[in-house]
Structures are given as structure tokens and as C-alpha cells.
Amino acid sequence: MPSQQRCPWCESGNDLYREYHDGEWGVPVYDDKHQFEFLTLESAQAGLSWATILNKREGYRKAFAQFDVQKVARFSAKRIEKLLQNPGIVRNKLKVNAAVTNAQAFIEVQQEHGRFAKYIWQFVEGKPIQNRWKTTKDVPVTTAESDALSKDLKSKGFKFAGSTIMYAHMQATGLVNDHLVSCFRHQECAKLARA
């Protein structure tokens with residue numbers, strides 16, 4: 001029996017890539033903890049491969065208090081210095097500082113909107129955009145929605161929140177379904193969106 005067809009980007013031989021593609025990428029995320037996790041990971045990924053971040057994901061969970069936004073928002077300068085010695089994460093001072101700054105801004109969004117997820121889903125009118133791409137070349141790196149989200153987040157003090165990073169976040173958290181139509185997950189994610 002032939003194996004199921006997947007988006008080509010996850011077929012690099014890295015099992016973490018395939019597991020991420022099959023179980024998480026494109027699945028609508030409505031809870032704030034996972035939204036914060038993906039914001040942190042996507043901003044850490046800037047300029048690096050997603051495989052690098054997936055390989056360090058457990059390290060991030062430990063280093064960033066299981067993505068407890070309240071705890072991360074209170075990280076001290078001393079704690080940040082300690083993180084910069086941690087080989088389990090990307091040891092980039094700007095990115096580590098951004099995670100703390102973003103946690104603080106995230107909490108402000110929660111206070112204003114009740115939940116961060118409620119805020120971010122407004123950018124797609126509350127339901128996932130269902131794209132129907134045939135090839136990976138068709139998939140954009142930014143859209144009008146990611147431009148608007150990026151601009152708004154930056155105005156709220158978020159760092160590493162450019163449109164390309166935000167579009168990757170939207171793909172990861174299912175605000176858009178960018179599985180190719182030939183991929184078995186396209187239809188599955190579309191069904192999750194209606195649930």
C-alpha cells in the first residue's frame with residue numbers, strides 16, 4: 001500500500017518534521033498557551049531552519065517554563081543571562097529578550113481582549129482561511145492578513161513579529177490551511193476548522 005501523500009517540505013527524512021506536519025501544522029489553535037508557544041518558537045526560528053527549532057523544542061519548553069506566559073514575562077536579566085548559556089535553545093540575545101518582551105505584550109493583549117486567541121483570530125474573521133495550493137511554489141510567504149497582524153503586533157511592542165514570521169505563525173496555528181490539496185492533511189485540517 002503506498003504511503004499517504006504529504007506536503008513536500010516535511011519529507012526531508014526528519015521524523016520530527018513529519019510528526020509536526022501530520023499532527024500540528026495547520027490545526028486551529030484556540031488556546032493561549034499554544035499560541036504563546038508558537039509565537040516564541042516562530043520568532044526564535046527567524047533566519048534558521050524550522051528543523052533547528054523542532055530539534056530544540058523540548059529545550060525551549062524547559063527553559064521557558066513550559067511556555068507559561070506569566071512566568072516568562074517576569075524573567076529577570078539574571079535569568080536571561082543564564083538562558084544565553086543554555087545549549088537547548090537558540091542562544092541569541094535579541095531573540096531571548098524578545099521572548100520576554102513578547103510575553104509582557106501578550107499579557108497586555110489578554111487584558112485588553114480577554115484572550116490572545118480571541119485577538120489573533122480576528123485577523124481571519126474568526127475562521128481559518130482555506131487555501132487550495134497545488135505546489136509549494138504557490139504558497140505565499142506573506143499575505144494582507146499577515147501584514148495587518150504584524151503591523152498591529154509591532155504597535156503593541158512585539159519583537160520578531162515581521163509579516164513573514166507572522167504568516168508562518170498563522171500556518172502553524174491553523175489560521176490558514178496551507179497544506180497542498182494533494183496532501184492528506186488538507187482535508188483533515190479543513191474538517192477541524194468547521195468543528
**Q** Should the ring pair Phe38 and Trp50 be called parallel, tilted or perpendicular, given that the plane angle runs from 0 to 90° and is split at 30 and 60?
**A**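 Because their plane-to-plane angle is under 30°, the rings of Phe38 and Trp50 count as parallel.
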**Q** Using 30° and 60° as the class boundaries, would you call the ring planes of Trp25 and His179 parallel, tilted or perpendicular?
**A**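 Aromatic pair Trp25/His179 classed perpendicular.
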**Q** Taking His169 as the fixed residue, which of Val176, Leu153, Ile120, Thr164 is the one that meets the side chain to side chain contact (heavy atoms under 4.5 Å, CB included) rule?
**A**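 Only one of Val176, Leu153, Ile120, Thr164 forms a side chain to side chain contact (heavy atoms under 4.5 Å, CB included) with His169, namely Ile120.
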**Q** Output yes when Asp152 and Lys156 qualify as a salt bridge under the 4.0 Å nitrogen-oxygen rule, no when they do not.
**A**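 Judged by the 4.0 Å cut-off on N to carboxylate O distance, Asp152 and Lys156 do form a salt bridge.
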**Q** Which residue, Leu175, Val141, Thr143, forms the side chain to side chain contact (heavy atoms under 4.5 Å, CB included) with Tyr167?
**A**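 Only match with Tyr167 under side chain to side chain contact (heavy atoms under 4.5 Å, CB included): Thr143.
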**Q** Over 60° means perpendicular and under 30° means parallel, so tell me whether Phe116 and Tyr119 are parallel, tilted or perpendicular.
**A**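 It falls in the tilted class, 30° to 60°.
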**Q** Does the pair Glu42/Lys159 count as a salt bridge with the N-to-O cut at 4.0 Å?
**A**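 Salt bridge flag = no for Lys159 with Glu42.
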**Q** Here's one to test your reading of the geometry: is the NZ or CZ of Arg57 within 45 degrees of the ring axis of Tyr60 and under 6.0 Å from its centre?
**A**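 Pair Arg57/Tyr60 does not count as cation-pi.
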**Q** I'd like to know whether NE2 of His21 has more than 12 heavy-atom contacts from other residues, nucleotides or ligands below 6.0 angstrom.
**A**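 More than 12 within 6.0 Å, yes.
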**Q** Treating Gln104 as the side-chain partner and Ala73 as the backbone partner, does any N or O pair qualify as donor plus acceptor under 3.5 Å?
**A**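 Between the backbone of Ala73 and the side chain of Gln104 there is a qualifying donor-acceptor contact (under 3.5 Å).
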**Q** Check this for me: does any side-chain nitrogen of one of Lys118 and Glu112 sit under 4.0 Å from a carboxylate oxygen of the other?
**A**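 No, Lys118 and Glu112 are not salt-bridged.
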**Q** Can we say Arg18 and Glu11 salt-bridge, meaning some charged N sits less than 4.0 Å from an Asp/Glu carboxylate O?
**A**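 Looking at Arg18 and Glu11, the cut-off is met.
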